[in-house]
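Reviewing the structure listed below.
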Amino acid sequence: MSEFFQQLINGLAIGAIYALIALGYTMVYGILRFINFAHGDVFMLGAFAGYFLSPVVNRFLPAQSYAGGAVVLVLAMAICALIGMLIEFLAYRPLRNRPKLTVLITAIGVSLFIEYTCQHDAVFKAAPRKFPELIPFTNWHLGGLVLNTNQVIVFVTTMLLLVALTVVVQKTKVGTAMRAVSFNEQAAALMGVNINRIISFTFGLGSALAAAGGILFAMNYASIDPLMGVQTGLKAFVAAVLGGIGNLPGAALGGLLLGVVETFAGGIPGLSNYRDGIAFGVLILILLFRPAGLLGKLQTEKV
Amino acid sequence: MDNAAKRFLFAAVALAVIVSLCSSYFNRYYLGVAIDVGINVILAVSLNLINGHTGQFSLGHAGFMAVGGYTTAKFALLLQGQLPPWAQPLIFVAGLLLGGSMAAVAGLAVGVPTLRLKGDYLAIVTLGFGEIIRVIFQTTEAFGAATGLTGIPHWTNFAWTWSCAALTVFVVACLVNSTYGRGFIAVHDDEVAAGAMGINPVRYKITAFVIGAFFAGVAGGLYAHHKQFLSPGGFDFLKSIDIVVMVILGGMGRTVGVIIAAVLLTILPEALRGFAGYRMILYSLLIIILMLTRPQGLFTFGRAAQRKV
Amino acid sequence: MIGPLLQLQCVTIRFGGLTAVSEVDFQIGGRELVGLIGPNGAGKTTVFNLVTGVYQPTSGAILFAGQPTANLKSNQLARLGIARTFQNIRLFASMSVFDNVRVAVQLHSPHGIRDALWRGRGFREGERAVETQVMELLEIFNLGRFRAANAKSLPYGDQRRLEIVRALATRPKLLLLDEPAAGMNTTEKVALTQLIRFIKDKFQIAVLLVEHDMQVVMGICERIAVLDYGIKIAEGSPAKVRADPRVIEAYLGDELKIQN
Ligand SMILES: Nc1ncnc2c1ncn2[C@@H]1O[C@H](COP(=O)(O)OP(=O)(O)OP(=O)(O)O)[C@@H](O)[C@H]1O
Ligand SMILES: [Mg+2]
């Protein structure tokens, strides 16, 4: 029984990270109706930003302190927000209103470009690096369960970011504009919404969340490399589809669910080797039986 | 006889055999590259049937290639010692057919569940299928798991490769250039209108997947007996992207353009060997610039035949 | 054949909360030319989509030549003899005018994949026959000179006529025309009216016509059914329908209300 809860905790921890990344996919899809394939690489860049920021921040704040960790997190989120906006401006904006597949292939190109550039010896190099410990590490034992600081931080940070995101989307003017653009871009433009600004903001927001996911992931797995965003990014995308793409609570739910499913399935002896295939298996099952996802609405084509 | 297509096929096969007979006069390295080119032509032209003509944008072609490659190789490895040397070509041909057929079955398995999907959703799901296929090979001991298969006999030569390439071009071109085959393009252009004209979109989509996957499987078999070594990593999603880029560069649904693109994109990396560190960075930049400037392909001129990506 | 060609029995379809077609009973005989009219959003196109299998009714039944069409796909219905045009023109955009029609002729071609690959004599003769058929059809409608042009490059009116040719190429028993006169000028409309009559006589088929232009509808239809908010509010001869107060109300209702 305690093993069940242990797996549940582990699954929710990874699931929370998927959720953070999935939100970026879902927000961009909600507004532009395309899959930002490079999103997983922004997640990776977030982790690397944390890696390089940590020693700098430690000059002002003590190493392995919550304050230092928080500063690293916020700075990395800001940097990635800028990167995300830059990608949108350079690669996607010129393709606005072009067929979706053109944009998808471009996004794949951007993703490969980031991955190969980062793997180059003059940049990050291909070899994995050890991620510094940002916060003091302790294991807590609750009955038979082990819960470590990093996992707690994952839950707390994800919760805080989700609340912040909800406030931004539901309560602020920008958020209202985002929802308007997502609902009907032309109508929103006629109402005086600056579409380019909103799209840019959406990319920034999504990329910041991905960066947070990157740092939380790196804290939990201790090792980072330029290709870490490939599998994780794809899984987060699956999470977004599972929840119903374009739907924010759906992305969060899908992320948690996928993390749990993956962790439990990985614990089954025969299945553990197929760990990387499980997410795609889930994706295919959803699309077969509930193409709109758990919380999404199905749209029929008008003829 | 107004049968230009058949004549093309026979001429191409004859040419391939002649070149192959003279192969001892050629530089081995160039010969190897020529075989790589042929294999990529098969992959690109077969994917063009699915993505270009039928409009079922698939990102999982490497998966079908893997199925064919592993099947053909395993078949040869099992039978190699059992039969006399003169039976080798028979094992090879049977292996290629078997590999192609297994890939076709995989094509059916991918084509049916993805029927309802379109555009980028379909692309991602086929990508997922490709990855699942790779993971299966990566974890199956009988196929060498993560290490892959080694010691595959070196049976692929210029003649086999280019005959298969000619056959692929023949099949795809003949299929599409017939009253029956216009149905693929009708499904691509407008599924609802195609249905109203009595075209069964389901059937055409599945046919495209099955035939496309078959030839990808044959290409995989040729590849296995060319490199003499298979590892699951060689069939990852990047390989699928390579093939898709060939199709896009050549212009979706343009057979000649796609062949030219396959040739160029195979030779280009060889020519860039000196810049090994920057090669892939340049390649990804090429994709981005291509999509920004000429999404309809490099070799597409004239409006009538343009297909939207 | 005895009995009507097409029969709608209490057909209803709902999209979420909206009842687009509500308990419609309607039938059409083998050689009839019937009009289906109604204000915007009345559900006319939806009726076409139901008859051609694009949508399945929420309740009720549709019979074609006495046979229930429930669960038949569009392509199966096309095979049975239902052809249509689309309100928002849906030609095959990457194909030539010729190929647009060729696709539709395929329905009756016995040659499949194997013949296309083998390219035997039967296949080549079949392809030539198809070519003749297509050209004949195009010539009847004066579209032969555009045969190699891209379908979407034609003038608007010709695109509408090409859609009709394409539908006829499937050799239908019932032809559904969705606003064929939309976007045409007066001369073109007169020509279209004659064309529809000609089609009905030459090909000996039934035609169901959705059209907003009353001159066209009243001029050629033998019978007219009127939809409003998905409900059939009137049916009968053009003269009778024109005089029906409910029809006048449906068409002018809003304007009358504004005036009062
Ligand atoms: N797929 C669909 N999903 C939701 N609502 C639909 C769908 N198709 C049609 N409708 C709705 O059904 C109603 C009837 O539409 P329909 O297109 O049949 O009208 P129409 O009589 O053809 O009008 P028009 O003269 O403007 O062409 C409209 O309110 C339309 O919005
Ligand atoms: Mg309509």
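Source: prediction; values computed, not measured.
- In this structure, CG in A:L112 is found 5.5 Å from CG in B:L238, a value given to the nearest 0.5 Å.
- Separating the CG atom in B:L127 from the CG atom in A:L104 is a distance of 9.0 Å, to the nearest 0.5 Å.
- Contact of B:V244 with chain A is made through the side chain alone, with heavy-atom distances under 4.5 Å.
- Here OG1 of A:T106 is found 11.0 Å from CD1 of B:I289. Values are rounded to the nearest 0.5 Å.
- Taking 4.5 Å as the limit, every side-chain heavy atom of A:Y116 sits out of range of all side-chain heavy atoms of B:L282.
- Within the 4.5 Å cutoff, the side chain of B:I288 has no heavy atoms near those of the A:L90 side chain.
- For B:R279, the side chain to side chain contact (heavy atoms under 4.5 Å, CB included) test picks out B:P269, B:L272, B:R273, with sequence neighbours left out.
- No side-chain heavy atom of A:L101 sits under 4.5 Å from any side-chain heavy atom of B:I248.
- The neighbour count for A:F89 CZ, taken as heavy atoms of other residues, nucleotides or ligands under 6.0 Å away, does not exceed 12.
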Dump the intermediate steps for side-chain contact (heavy atoms from CB on, under 4.5 Å) on B:I124 and A:V241, then the final yes or no. CA-CA 11 Å; B:I124 296 287; A:V241 176; over 6 Å; no

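- With sequence neighbours excluded, the residues satisfying side-chain hydrogen bond (donor to acceptor under 3.5 Å, both in side chains) with B:K205 are B:E191.
- Across all non-hydrogen atoms, the minimal contact from A:F280 to B:G128 is CD2-CA, 3.2 Å.
- Atom CD1 of A:I105 is separated from atom CG of B:L59 by 5.5 Å, given to the nearest 0.5 angstrom.
- The nearest pair of heavy atoms linking A:R98 to B:L292 is NH2-O, 3.5 Å.
- A 4.5 Å side-chain heavy-atom check between A:K100 and B:K118 finds every atom pair outside the cut-off.
- Rounded to the nearest 0.5 angstrom, A:I114 CD1 and B:I281 CD1 are separated by 12.0 Å.
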